*Asks:* 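Following this message is one structure expressed as structure tokens.
Keep in mind that what you see is a predicted model, and the values were worked out from it rather than measured. Residue numbers run from 1 in the order of the sequence given.
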Amino acid sequence: MKSESGEQFGSFKLLYSCGKGSYGEVFLARSVITGKVFALKKLYQSGELPGVIEYQQICPQTGLMQIYYTGQEGDEFYYVMDAADDLNGGDGDYLPDTLLNRMKRSGRIPPEELRETASSLINACSILHRKGVMHRDIKPGNILYINGIALPGDIGLVASESTGTLVGSAGFIAPEVAAGLRKFAPEDDLYALGKTLYCALTGNPPEKYPAFPEDLSLAECKDIVSLYNKLLSGHYPEKKSPEKKTGGLRYRLWGIAGLILIAVIVIGVQVSNLPERSLPESPEMIFGIADYYAVLEKEYLNRAVPPEMSKIIPLIKAEKEKLEKLKFQRGQAEYEREPSEADLAAIRHEVPAYHSAGTYWRQKNREAAFAEFDREYRDDPALRYYELQSFLQEEFARIRFLKDIPGIESYDCRSDLLIFREKLSALIEVETELLKKLR
């Protein structure tokens, strides 16, 4: 990893770059005031901040990874959190101790080690869900070991249970969520955790589930197999579950395959029973996911984009980031206002059990400020451009993921096609408007 030794950022000295993601870059950093080492994430844009702030409200005095500070240095937002242990033990460059890095080093995680990891992660998910939030991106690369304890990290996608946006990583998303049949729910964190444990135990990628390596002794890990199957069903394991005698590996795998077949059939029935929508006549009738994917590739991925767009993308991005910063500042100003006794009395009856009245009032004010901002700038071409691009990119990723799932090949995609073409047409209009401004 590239050393950033000596670079000063606010009151922190950046030591190493630990990696870059969609939203920003994480550094190992030392406080110049206390000398303590933390992880510091610089954000490319403010899109991750709402999740970070929501998580910061619930993590104190829990066993979760801690967020200590959220701030701004110049034009950059950042937050400071617990750093993962050093997998190299101080011998050489810092290597974050993550489940993925352990898997890269050893291939598989030994059952005795994985049992402890699983117990810690189940407890962490339980805390998050009791607090009314979901992690939404559990996978081996986002599992950190902090003081030897496995905890969910990379919390930028954390959101309340009222948020149903499709997020996560391919292979760790429940098929019915990826198919758009329902919103993301707390049980989908458990599904992702089940896939994570499967990958760690077997060394297989998530899409190979339920395949089981022939050279791995089921007798030594049958409790972990039972555990990840329980989590994949969206349920927490019982605290005390009597050991049940099972057949051999062949019968267990047939049972798992049977459960998957039943789930695929149920999803297929649900899809076939969806109420029909009134669709306008179209010269082409798209029925299958494979056909729809081909249209997405042709009309969106391989479409002819005006070459002048490359000149204005930096301007659009700068405008979007300026507006996102303004939105965050407005919301934060509302969040920092102190409520009066009358304010608290007015909302006390609706405060969830996991919130204080003051925190709940501030969050409501912040969300109202965000909503007002969205109404005020809903027609801004820079924001519309990225909003439409985001929708189309997510739709392409969703169908690319779904097209290889057996059992839903005949899902009728005509309604999806209509929505896709509406969004693509809107994107082309926005591009035309932006190009006119450039000229």
Side-chain angles (χ1 to χ4, degrees), residues 10-12 18 21 23-24 26-29 31 34 36-43 46-72 77-85 96-99 117-139 141-163 167-168 184-186 188-190 192-193 196 236 328 331-332 335-336 351-364 366-367:
S11 60
F12 293 88
C18 303
Y23 287 98
V26 179
F27 295 87
L28 188 69
S31 168
T34 66
K36 187 173 179 180
V37 173
F38 299 92
L40 183 151
K41 185 167 187 178
K42 290 184 182 183
L43 300 180
S46 60
E48 189 173 325
L49 279 172
V52 172
I53 292 170
E54 188 155 14
Y55 180 89
Q56 191 176 11
Q57 302 302 315
I58 66 158
C59 69
Q61 299 179 346
T62 69
L64 300 173
M65 182 191 74
Q66 298 295 295
I67 300 292
Y68 297 103
Y69 184 70
T70 305
Q72 184 176 359
F77 294 105
Y78 69 98
Y79 60 95
V80 178
M81 57 192 151
D82 285 322
D85 301 337
D97 191 356
T98 68
L99 182 59
T117 292
S119 176
S120 177
L121 293 173
I122 290 167
N123 180 61
C125 284
S126 176
I127 294 171
L128 287 170
H129 296 164
R130 288 199 306 269
K131 296 286 187 179
V133 299
M134 307 172 292
H135 186 278
R136 304 199 301 167
D137 196 20
I138 291 175
K139 59 183 179 180
N142 287 346
I143 304 304
L144 312 182
Y145 290 85
I146 299 171
N147 297 322
I149 299 173
L151 295 171
D154 200 357
I155 46 77
L157 295 181
V158 162
S160 66
E161 293 181 13
S162 62
T163 303
V167 293
F184 196 100
D188 297 307
D189 278 341
L190 301 184
L193 177 55
T196 296
Y236 282 101
F328 172 74
Q332 193 66 9
Y335 185 83
E336 291 173 357
V351 179
Y354 52 83
H355 271 322
S356 69
T359 298
Y360 181 73
W361 184 85
R362 291 186 180 92
Q363 287 183 345
K364 282 193 67 174
R366 183 179 62 200
E367 293 302 320

*Asks:* Check for a donor-acceptor pair, side chain of Asp137 on one end and backbone N or O of Asn142 on the other, with a separation under 3.5 Å.
*Replies:*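 Here the side-chain-to-backbone pair does not exist.
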*Asks:* For Ser120 and Ile149, indicate whether the former's side chain and the latter's backbone hold a donor-acceptor pair under 3.5 Å.
*Replies:*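 No; judged by distance alone, with no hydrogens or angles, the pair does not exist.
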*Asks:* Any salt bridge linking Asp154 with Lys41? Criterion: basic side-chain nitrogen under 4.0 Å from a carboxylate oxygen.
*Replies:*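 Counted as a salt bridge, because a side-chain N and a carboxylate O are separated by less than 4.0 Å.
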*Asks:* For residues Phe77 and Thr70, determine if any side-chain heavy atom of one lies less than 4.5 Å from a side-chain heavy atom of the other.
*Replies:*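 In short, these two side chains do not touch, never coming nearer than 4.5 Å.
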*Asks:* State whether the side chain of Tyr236 and the backbone N or O of Cys125 hold a donor-acceptor pair below 3.5 Å, judged by distance alone.
*Replies:*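 At least one qualifying donor-acceptor pair exists.
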*Asks:* So, applying side chain to side chain contact (heavy atoms under 4.5 Å, CB included) with Gln66, which one of Leu151, Asp82, Val80, Ile146 is it?
*Replies:*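 Single side chain to side chain contact (heavy atoms under 4.5 Å, CB included) partner of Gln66 among Leu151, Asp82, Val80, Ile146: Asp82.
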*Asks:* With rounding to the nearest 0.5 angstrom, report the NZ to OG1 distance, Lys139 to Thr98.
*Replies:*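 Lys139 NZ to Thr98 OG1: 11.0 Å, rounded to 0.5 Å.
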*Asks:* Looking at Ile122, is its backbone amide N or carbonyl O close enough to the side chain of Ser126 to form a donor-acceptor pair, meaning the two atoms are under 3.5 Å apart?
*Replies:*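 Checking the backbone N and O of Ile122 against the side chain of Ser126, no donor-acceptor pair under 3.5 Å is found.
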*Asks:* Nearest 0.5 Å, please: how far is OG1 in Thr196 from CG in Leu99?
*Replies:*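 That separation rounds to 7.0 Å.
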*Asks:* With rounding to the nearest 0.5 Å, note down the distance linking CE in Met65 to CG in Leu144.
*Replies:*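 Reported value, rounded in 0.5 Å steps: 6.5 Å.
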*Asks:* In chain order, what residues pass the ring pair (Phe, Tyr, Trp, His ring centres under 6.0 Å) check against Tyr145, with sequence neighbours excluded?
*Replies:*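 Applying ring pair (Phe, Tyr, Trp, His ring centres under 6.0 Å) to Tyr145 gives none.
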*Asks:* Find the distance between CG (Leu193) and CG (Asp188) and round it off to the nearest 0.5 Å.
*Replies:*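 One gets 12.5 Å once the value is rounded to the nearest 0.5 Å.
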*Asks:* Show, in sequence, the C-alpha distance, side-chain angles and deciding distance for Leu157 and Phe184, and conclude whether the side-chain contact (heavy atoms from CB on, under 4.5 Å) test is met.
*Replies:* CA-CA 12 Å; Leu157 295 181; Phe184 196 100; over 6 Å; no
*Asks:* Out of His135, Met134, Arg136, which residue meets the side chain to side chain contact (heavy atoms under 4.5 Å, CB included) rule with Ile138?
*Replies:*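 Checked His135, Met134, Arg136 against Ile138; only one passes side chain to side chain contact (heavy atoms under 4.5 Å, CB included): His135.
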*Asks:* Starting at CD1 of Ile127, measure out to OG1 of Thr62 and round the result to the nearest 0.5 Å.
*Replies:*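 Taking CD1 in Ile127 and OG1 in Thr62, the distance rounds to 5.0 Å.
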*Asks:* Of all the heavy-atom pairs spanning His129 and Val133, show the shortest one and how long it is.
*Replies:*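 For His129 versus Val133, the nearest heavy atoms are CD2-O, 3.3 Å.
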*Asks:* Give me the ring orientation class for Tyr78 and Tyr69: parallel if the planes are under 30° apart, tilted from 30 to 60°, perpendicular past 60°.
*Replies:*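 Ring orientation of Tyr78 relative to Tyr69: tilted.
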*Asks:* Whether the side chain of Gln61 engages the backbone of Cys59 through a donor-acceptor N/O pair (distance < 3.5 Å, no angle test) should be reported.
*Replies:*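 A pair under 3.5 Å: no.
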*Asks:* Go through it in stages, so that I can follow the logic: the residues are Leu128 and Ile58, the test is side-chain contact (heavy atoms from CB on, under 4.5 Å), and I'd like the CA-CA distance, side-chain angles, deciding distance and then a yes or no.
*Replies:* CA-CA 8 Å; Leu128 287 170; Ile58 66 158; 3.8 Å; yes
*Asks:* Kindly give the heavy-atom pair with the smallest separation between Val26 and Ala39, and that separation in Å.
*Replies:*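 Looks like CG1-CB, 4.3 Å.
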*Asks:* To the nearest 0.5 Å, how far apart are NZ in Lys36 and OH in Tyr68?
*Replies:*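 Lys36 NZ to Tyr68 OH: 4.5 Å, rounded to 0.5 Å.
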*Asks:* Would you call Phe27 and Phe12 a side-chain contact if the rule is heavy atoms closer than 4.5 Å?
*Replies:*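 No, side chains not in contact.
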*Asks:* Hey, are the side chains of Arg366 and Ile53 touching, using non-hydrogen atoms and a 4.5 Å cut-off?
*Replies:*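 Arg366 reaches Ile53 side chain to side chain.
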*Asks:* Does Asp85 use its side chain to pair, donor to acceptor, with the backbone of Asn147 at less than 3.5 Å?
*Replies:*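 Yes, the answer is positive, given that a donor and an acceptor are paired below the 3.5 Å cut-off.
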